[in-house]
Amino acid sequence: MKPLKSIVIATALATVAGGAMAQEMTIVSWGGAYSKSQLKAYHEPYSAKTGVTIINDDSSNEAVAKLRAMNEAGNVTWDVVDVVAADAMRLCDEGLAMEIDPDTQLAPAPDGTSAADDFGDLLVSECFVPQIVYSTTFGYRTDMVGDTPPTSVCAIFDTETYPGKRSLEKRPINNVEWALVCDGVAAEDVYDVLETEEGQNRALAKLDTIKDDVVWWSAGADTPQLLADGEVVMGSTYNGRLFSVIEEQNQPVAMLWDYQVFDLDGWIIPAGLSEERKQRALDYIYFATDTQRLADQAKYISYGPARASSAPLVGKHADLGIDMAPHMPTDPANSKTAVLYNFEFWADYRDDIDAKFQAWLAQ
Amino acid sequence: MTDASQSGPMLAADGTPLKLSLARSLRRQKMRALMLIAPLLVFVLLSFVLPIASMLFRSVENSIVSDTLPLTVEALAEWDETSGELPDEPVYDALTHDMVAAVEAKIHTRLGSRLNYEETGMSSLFRKSGRQFKKLDPATDGPFKDKVIDIHDGWGDVETWRVIKTHSVKITNGYFLNAVDMRRTPEGAQAQPEDKQILVKLFGRTLFMSLVITGTCILLAYPISYLLANLPMRVSNLLMILVLLPFWTSLLVRTSAWKVMLQQQGVINDTLVWLGLVADDARLVIINNQIGTIVAMTHILLPFMVLPMYSVMQTIPPYYTRAAKSMGATNWTTFWRIYFPQSIPGIGAGSILVFILAIGYYITPEIVGGTKGVFISNRIAYHISSSLNWGLAAALGTILLAVVLLLYWVYDKIVGIDNVKLG
């Protein structure tokens, strides 16, 4: 009995000691294929290098509200959080995310370019380290558009040539911009027009012409399902979702990149972490946002790396073996008419225009 | 036997009056009972009452403005907001002091997003001016009026100051006004512009659709419960499992299944087209509208109606109906005069359950409701998780709670709450 007992005790002690020594961090992301790409490109190599155990939490779509609640309760349990840029700005405004200095706290590019220059304009908030560029764009059923596949985003308003339902997101952002562009407003003037009451009404009036033909979605998976079922002829969603419908599920769907809207997704570190956890989070972000790591992620999902220096390193898809570059929203052939989400404008106008948009929808 | 003839109060064995002794032991029993439920009581208080109370308090709490800009709020008291003129130097001086301190503490942007709910543009006004204010020294750099307006022309806009002054009170009715499509202005409560009015409409729709859903649930559940209560045990058990089976399936799975059934390329439409009842180019639109919400929610809430109805019907003695029939009543009279009145408590209990659950639903309307089938809860969810306007969300929630309590009271007056039985 005695040896057995001591073995049990020794094991218990080792577990306790191991538990205290093994470092853990909780990283919050979106789940699904996106989290998987981060696991392969960031988490696994980081754990192998440092021994830190990474716990995944798929709560990004409610991250802002949850972080605020955690902050008020004084118990922040997350270490690193993946959010879209607009949410990062909101968190930064609310004092819920800490500021990160790109020059000292992020890795420079291999050729010595500073991180600030390498990310360039994409550093839209002081608290935000961008990771990928994704876009909201359109996919259409190739078998439902006859011999004239759409080439312009205005096809969504052309119900004569392309009869059938189209799916749009149940929020004003992006939809009102597309409406104005198709109503004859030059792309560079869109936000000047949208600042005015008449401009907002003009956008809603344009959307009103197709109101009965629209299925409104609120989850990113809706449009791919609607397209696959032939329920809609075209619809907007995130480009990575369309990639998987087209390339992985081989559905008769094609991309319409015209006036795709770039948006950013990246990391923030919650404010109010203990010094030890903060250092660990910063160390993780330094590693996970360097040039090679960002390029690696593109092997698993068709979102463009946020660093300029990562673009030439983008290779082939890990399972399908196809070249990923042409599927990137940032590929020159795809991004001729692309626009970047206007973070400043929407931070100010979101509450106001959303109220009008919802009132219009309910009419 | 001398004790019995003794005058004065009856005494217990230890000499204390029996009444006192009895009261003491009863009190002890009550205390013991209270101690037994104390953990539960504390748990309910801590985990249920307190959070709800604190959430409801948010609907009026508004100390952020006077906490972030204390001097400015004080200085603004002197300013006449109806004059149409900008405030004078003391206000700008106070603002500079406040903003320098707020930027230091990194709380100025928080106030910006709070005020942006009331006036578009406040968010960027505070965010963009923050860094510039940092460069000013409140002690030596005055006068500030022109310098501050130079920083951002928003500070030279009377509307900015009107908004700050209007919302500087610590306890506000602003969120409740917003919740009923009105807003707080210096001239008192006013209606929102027409193109932003939506919440009252959604309240009305929520109540109306919840009533319709309760009605359809009664219609469907009554015959099922009758069958369950009157069939032989073996068959009724099987039926019961069929009722409960969807109950055990995930809500999201059931809702998504309705999508497959109801969409235009879905099972129902395909069948109708195949039967030739509906033309291929005129498929029925039965999802992403009110019909979709009613169908899916009726299905989901049906067990909550069946179970109380069934348990009440089980207790109705079969010989009442036999007696009625033996005295010459027709089937219909027997049902309507004898059986139905006895089953009303079950209908009442089921209706209350279904209605109260329906009024707070949001996942199902979000998925199958399109634009015409969404509820007020969808807006509450939006304000909690997207716009972070928790004050407005709390106000909407409070109103919803008040409406439910009011309806409960009306129900009690009309039907009587004693008439509700869960079995």
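Labels below follow one simple rule: chain letters A, B, ... track the order of the sequence lines, proteins then strands, and each chain is numbered from 1.
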Measuring heavy-atom distances to chain A, does Phe126(B) have an atom under 4.5 Å in its side chain, in its backbone, in both, or in neither? neither

Chain A heavy atoms under 4.5 Å from Val374(B): which part of the residue, side chain, backbone, both or neither? side chain

Could you tell me if Ser123(B) and Arg127(B) have a donor-acceptor pair between their side chains, going purely by distance under 3.5 Å? yes

Is Gln200(A) close to chain B through its backbone or its side chain, or both, or neither, when contacts mean heavy atoms under 4.5 Å? neither

Can you tell me which of Leu96(A), Asp229(A), Asp348(A), Asp352(A) forms the most heavy-atom pairs within a distance under 4.5 Å of chain B? Asp348(A)

The interface call for Lys196(B) against chain A, heavy-atom contacts under 4.5 Å, is both

If you tally heavy-atom pairs under 4.5 Å against chain A, which of Thr371(B), Asn288(B), Ile198(B), Leu388(B) wins? Leu388(B)

Arg114(B) portion near chain A, given a 4.5 angstrom heavy-atom threshold: neither

4.5 Å side-chain heavy-atom contact, Phe345(A) and Leu194(A): yes

With Tyr341(A) as reference, evaluate Val124(A), Ile173(A), Val84(A) under the side-chain contact (heavy atoms from CB on, under 4.5 Å) test and give the passing residue. Ile173(A)

Side chain, backbone, both or neither: which part of Leu204(A) has an atom under 4.5 Å from a heavy atom of chain B? neither

Using side-chain contact (heavy atoms from CB on, under 4.5 Å) as the criterion, list what pairs up with Ala97(A), not counting sequence neighbours. Leu91(A), Cys127(A), Ile268(A)

With no hydrogens and no angle check, do the side chains of Ser236(A) and Glu169(A) hold a donor and an acceptor under 3.5 Å apart? no

Using heavy-atom distances under 4.5 Å, tell me whether Glu99(A) contacts chain B through its side chain, its backbone, both, or neither. side chain

Tell me if the centroids of the rings in Trp30(A) and Tyr238(A) come within less than 6.0 Å of each other. no

Of the backbone (N, CA, C, O) and the side chain (C-beta and beyond), which part of Asn61(A) lies under 4.5 Å from a heavy atom of chain B, both, or neither? neither

Using a strict 4.0 Å threshold on nitrogen-to-oxygen distance, state whether Glu366(B) and Lys170(A) make a salt bridge. yes

Inspect the contact between Arg162(B) and Glu159(B) and indicate whether a charged nitrogen and a carboxylate oxygen are less than 4.0 angstrom apart. yes

Side chain, backbone, both or neither: which part of Arg205(B) has a non-hydrogen atom closer than 4.5 Å to chain A? side chain

Taking side chain as everything from C-beta outward and backbone as N, CA, C, O, which of these in Gln197(B) sits under 4.5 Å from a heavy atom of chain A? Side chain, backbone, both or neither. backbone

Would you say Asp354(A) and Gln358(A) make side-chain contact, with heavy atoms under 4.5 Å? yes

Of the listed residues (Met122(B), Lys106(B), Gln263(B)), which shares the most heavy-atom pairs with chain A below a 4.5 Å separation? Gln263(B)

Under 4.5 Å heavy-atom distance to chain B, tell me which part of Ala271(A) shows up: side chain, backbone, both or neither. neither

Looking at His108(B), Lys259(B), Gln192(B), which one has more heavy-atom pairs under 4.5 Å with chain A than the rest? Lys259(B)

With a 4.5 angstrom heavy-atom cut-off, could you sort out which part of Arg90(A) is near chain B: side chain, backbone, both or neither? side chain

Hey, does the Lys NZ or Arg CZ of Lys66(A) hover above the aromatic six-ring of Trp78(A), less than 6.0 Å from the centre and inside 45° of the axis? no

